[in-house]
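Below is one structure, written out as structure tokens, with a few remarks after it.
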Protein chains: 2
Amino acid sequence: MLRLLGEKHPFSHICRFLQTVATKEPSAPSVNGPIPGRKSHQLKAEMDRIHQAASVRFFVNYEKSYGNYVVDVDDNKLLDAFMQISSIPLGYNHPDLISAVSDPRFITSAVSRPALGSFPRHDYPTILRNSLSKIAPKGMDGVQTMLCGSSANENAIKTAFMWYQSQKRGGKPPSQEDLDSCMRDQLPGTPNLSVLSFDGSFHGRTMGMLSVTHSKAIHKVDIPSFHWPVARFPRYKYPLKNNVDYNQKEDRNCLEEVEEKIVHSRKKNNEIAAILVEPIQSEGGDFHGSPAFFQGLRDITKRNGIVFIVDEVQTGGGGTGHYWAHETWNLQSPPDIMTFSKKLLLGGYFYANHMKINEPYRIYNTWMGEPTKLVLLERVIRVIERDNLLQQVREVGTELRNGLEKIQKDHATQMLNLRGLSLICAFDLPNTKARDKFLEITLKNGLLIGGCGETAVRFRPALIFSHKHCEIALDIINKSIKDL
Amino acid sequence: MLRLLGEKHPFSHICRFLQTVATKEPSAPSVNGPIPGRKSHQLKAEMDRIHQAASVRFFVNYEKSYGNYVVDVDDNKLLDAFMQISSIPLGYNHPDLISAVSDPRFITSAVSRPALGSFPRHDYPTILRNSLSKIAPKGMDGVQTMLCGSSANENAIKTAFMWYQSQKRGGKPPSQEDLDSCMRDQLPGTPNLSVLSFDGSFHGRTMGMLSVTHSKAIHKVDIPSFHWPVARFPRYKYPLKNNVDYNQKEDRNCLEEVEEKIVHSRKKNNEIAAILVEPIQSEGGDFHGSPAFFQGLRDITKRNGIVFIVDEVQTGGGGTGHYWAHETWNLQSPPDIMTFSKKLLLGGYFYANHMKINEPYRIYNTWMGEPTKLVLLERVIRVIERDNLLQQVREVGTELRNGLEKIQKDHATQMLNLRGLSLICAFDLPNTKARDKFLEITLKNGLLIGGCGETAVRFRPALIFSHKHCEIALDIINKSIKDL
């Protein structure tokens, strides 16, 4: 048995691992020099020779990182409220997840990875039920696993197109003419359909997803695109309670534009089959939509027989104090499809029953997800429930918001448009230069947070971000805005 | 230390795992009933309620599978020459890979997954050097990790477009006008560029990749597409040595068509920026191109300033007896970009130095690959070298080919167009019905192989497929073709 591991002492690695890995958080951040430091600079030059490293900010010692603290290779200990672009649900090296790595289902899936669409594990239905199905949004019982946010959105949109065309055929599968013509990329098999997306949106980096992404030029430039309609996403005035009329009008205007685009697209014979929208436009600059706006969108899609796809890649997984941000919208009927990734550890989408694709090999690829991620996700969900983390997120979210409001009072010209849903919280600075400078200062002061859009600062901490972390973060924000 | 694992006895799982997992191969296949069997049918119905299962062939007990043998949930033991659609390099539950799961770098990366583009591990450059860089194709020192074949091809093509536009600008980065116009999907920032692909090709399932995929209608129907040029890929007569003139003419005709399409695309102001081609069109039907054909393509791309992208997603990783199929082409200058996935355990691409993108955030996404896969890949490469597996693949490939030729002599009207590069081997049956029936019979006889295209049967065994497995496979093929 021991021989099988091909090591004289097969557990020596894990033993060594547990001796070297950090097992508790620092009590406070500590920064001992510029970030990136000397070692990060060296490694960047080394990496750049074999793999592009232009966007690397610093190198991390993941063995030394723990909980809410990331430790870089130059031994700076930072309170991390960005968490690998919002993708780490329980902080670094969470003991429950380390334990999951020794789960036999994890080990076999890691070394004998299934082609899930054809030859799934015998316990895959159970694994799905114990992970994703446990947190399925209301009204969406079906789930499809993928690998990342882009592949989640790509396949969600493909599903929408298939459904839309099937409706036109009265529910029938594609005809022989459809099948023949699509091989030449011609009508009727290759339809002139489009997806309506929004100014400021981000849905991924494939060519299809760049066609529905409108946040930053550097993502899109030089890449051919589908020429699909784009509508305005609301841009509210803050604080909301002082700008009710303006913001309601903003919602109405945006919804009217969506309806106009739908009518227009039909006239141009380039029908809109789906609307794709983020609850909070994250990469674009943390722009929020109101429940009324999303209720309006849902009504429009219902009225027009259009698929309503909500992209919860960044908002899903608990940061809003709910598993899914759209739970706060009080929709009359749920979205048709909702995509996820990041904190869920792998990409995929939930869908309502009527969106199910029945023909084999239409939504398909070699891996179609990865069971190791679901074995980890089982534990993540168990910890969220056991430790009551969504409740904690809502409470600490309120604390963070109150603390920021207090800071804002003294710095009203610097800290603008404070907004958030629990820990998915953001504010603006007056311009890009000030924002970038502010992020530099907070980093120097020991807090890692994210920028987004032109002028926004965004919080994306892990779900274990607690009272004490919030206090430290607020102190640093306060100090940093003074230093600006 | 033990407490950290959150289990009373933290290694009990691994111990249990090693006691329950298979540690040797059956000596021969054994089939005890229809496949899919009763349990697979039950599980399929169960899975179908929460996750589409239409394409599931049977459920696998991965703990019981070992080496070249896959064991399904109904306890049928099959010699597996398909290996999860060609994606398992060393067979099931290889001891060296099980050992890698206890590597501290594996454990930390699994539970604290980095956003590699911004915050890579401190040892990531070393991990890259010890894995992918070790098997870099000649002339391609740069590598970019992704997650799957589709994302590899998507980003390879994006890189090609960026390079092509940058050449037009005399090497300069995008202008302000480019940046502004691309946000409206307009010229000049959003160019009218295209990628030339081939009839019968398969490059993935995203909308962009479906635009360059022309193998099966069910992949493409109902999905909008970029309208990009498609050229014929050679269709040879076999055996090659009896059809030299015909096949040379086929190469010339196909190359001429490619040049015509390039000229035509320029006239239509829809320039071809890249040619994307598989060494062996795998999903399309295992169609091979000759070294002369690929040399011709390389010449054409050089002459026209077009990027030459070779898609080795299915051919890469050793099945041809070389790490990369294109090593057998004797190219004067290497491809500009070569993509991989499957047996490499994660997607990505190698590129020649001149293709490097220098601006940050252009080739970027949250995960950009996954270090756990590279820790496993280090071991895979070590095993390939230690056990001299590429040599073995070439030898067993010859044996397989000789054995099939012998069978073909007695069944010349049934087994057609025998062709292959080592273990990536295929033949045709007279029609789809006969092919599908043949695959059913081989399965019943204990051999799992793949179909592809309309009439082909393809071998995609693991690199550990040895003399004895080849003998058993040939016996089953012989028996099955008699039973047809």
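Here is how names work: the chains are called A, B, and so on, in the same order as the sequence lines, proteins then strands, and each is numbered from 1.
- Chosen from A:T366, A:V230, A:N365, A:V73, the residue pairing most often with chain B at heavy-atom distances under 4.5 Å is A:T366.
- Panel note: side chain A:R205, backbone B:N155; no donor-acceptor pair is recorded below 3.5 Å.
- Taking every heavy atom of both residues into account, A:E359 and B:A54 meet most closely at C-CB, 4.2 Å.
- Only the side chain of B:I88 comes within contact range of chain A, judged by heavy atoms closer than 4.5 Å.
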Quiz item: Yes or no on side chain to side chain contact (heavy atoms under 4.5 Å, CB included) for A:M207 and B:F161, after CA distance, side-chain angles and deciding distance?
Solution: CA-CA 11 Å; A:M207 287 180 278; B:F161 286 139; 3.7 Å; yes
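- Across B:P125, B:G204, B:S341, the residue that shares the most heavy-atom pairs under 4.5 angstrom with chain A is B:P125.
- With ring centers used as reference points, A:F226 lies under 6.0 Å from B:F226.
- Note on A:E46 versus B:R129: salt bridge recorded, some NZ/NE/NH1/NH2 to OD/OE distance being below 4.0 Å.
- By number of non-hydrogen pairs under 4.5 angstrom with chain B, the leading residue of A:P114, A:G149, A:A110 is A:P114.
- Rounding to the nearest 0.5 angstrom, the gap separating the CE atom in B:M146 from the SG atom in A:C148 is 9.5 Å.
- Looking at heavy atoms from C-beta onward, B:M183 lies out of side-chain contact with A:V221 at the 4.5 angstrom threshold.
- No side-chain donor-acceptor contact under 3.5 Å links A:T190 to the backbone of B:P224.
- Using a 4.5 Å cut-off between heavy atoms, A:I363 contacts chain B through both its backbone and its side chain.
- The choice from A:I357, A:V313, A:T145 that makes the most heavy-atom pairs within less than 4.5 Å of chain B is A:T145.
- Proximity to chain A (any heavy atom under 4.5 Å) is shown, for B:L132, by neither the backbone nor the side chain.
- Contact annotation for B:S151: neither backbone nor side-chain heavy atoms come within less than 4.5 Å of a heavy atom of chain A.
- Proximity of a side-chain donor or acceptor of B:S112 to a complementary backbone N or O of A:N93 within less than 3.5 Å is detected.
- Looking only at side-chain heavy atoms (C-beta outward), B:F119 and A:Y62 come within less than 4.5 Å of each other.
- Checking side-chain atoms of B:H51 against main-chain N and O of A:G142 turns up no donor-acceptor pair under 3.5 Å.
- Ranking A:H214, A:Q144, A:M162 against chain B, the residue ahead of the rest is A:Q144, based on heavy-atom pairs under 4.5 Å.
- The most heavy-atom pairs under 4.5 Å with chain B, out of A:L345, A:L97, A:V60, come from A:V60.
- With a 4.5 Å cut-off on side-chain heavy atoms, B:R113 and A:K373 count as touching.
- Partners of A:D48 according to the side chain to side chain donor-acceptor pair (under 3.5 Å) rule, which considers only residues two or more places apart in sequence or in another chain, are B:K356.
- Under 4.0 Å is where a charged nitrogen must lie from a carboxylate oxygen, and between B:D178 and A:K220 no such pair does.
- Of the atoms belonging to A:L376, it is side-chain heavy atoms, and not backbone ones, that fall under 4.5 Å from chain B.
- Note that CH2 of A:W367 is 11.5 Å distant from CD of B:Q84, once rounded to the nearest 0.5 Å.
- Among all heavy-atom pairs drawn from A:I223 and B:P191, the shortest one is N-CD, 3.8 Å.
- Taking both residues in full, the closest heavy atoms of A:D185 and B:S211 are given as OD2-O, 4.0 Å, listed atom of the first, atom of the second, then distance.
- For chain B, the nearby part of A:M368 is the side chain; its heavy atoms alone come within less than 4.5 Å.
- The shortest distance between side-chain heavy atoms of B:K64 and A:H122 does not fall below 4.5 Å.
- A salt bridge is absent between B:K158 and A:D222: the closest approach of a Lys/Arg side-chain nitrogen to an acidic carboxylate oxygen does not fall below 4.0 angstrom.
- Only the side chain of B:M209 comes within contact range of chain A, judged by heavy atoms closer than 4.5 Å.
- Top candidate by heavy-atom pairs under 4.5 Å with chain A, chosen from B:K44, B:E370, B:M83, B:R49, is B:E370.
- In this structure, A:D141 and B:I50 have side chains that are not in contact, with every pair of non-hydrogen atoms separated by 4.5 Å or more.
- The candidate from A:G189, A:G348, A:G208, A:S166 with the greatest count of non-hydrogen atom pairs under 4.5 Å with chain B is A:G189.
- Rounding to the nearest 0.5 angstrom, the gap separating the CD1 atom in B:I107 from the OG atom in A:S99 is 11.0 Å.
- Contact annotation for B:I218: both backbone and side-chain heavy atoms come within less than 4.5 Å of a heavy atom of chain A.
- In terms of heavy atoms, B:P120 sits closest to A:V56 at CD-CG1, 3.7 Å.
- Taken from SG in A:C182 to NE2 in B:H219, the straight-line distance is 10.0 Å, to the nearest 0.5 Å.
- Of the inter-residue distances, the one linking A:S118 atom OG with B:F58 atom CZ reads 9.0 Å to the nearest 0.5 angstrom.
- For chain A, no part of B:Y164 is nearby; none of its heavy atoms comes within less than 4.5 Å.
- Side-chain atoms of B:T206 and A:E154 include no donor-acceptor pair closer than 3.5 Å.
- In this structure, the side chain of B:R121 does not engage the main chain of A:F59 through any donor-acceptor pair within 3.5 Å.
- One distance of note links OG1 of A:T108 with CD1 of B:I98; it measures 7.5 Å at 0.5 Å rounding.
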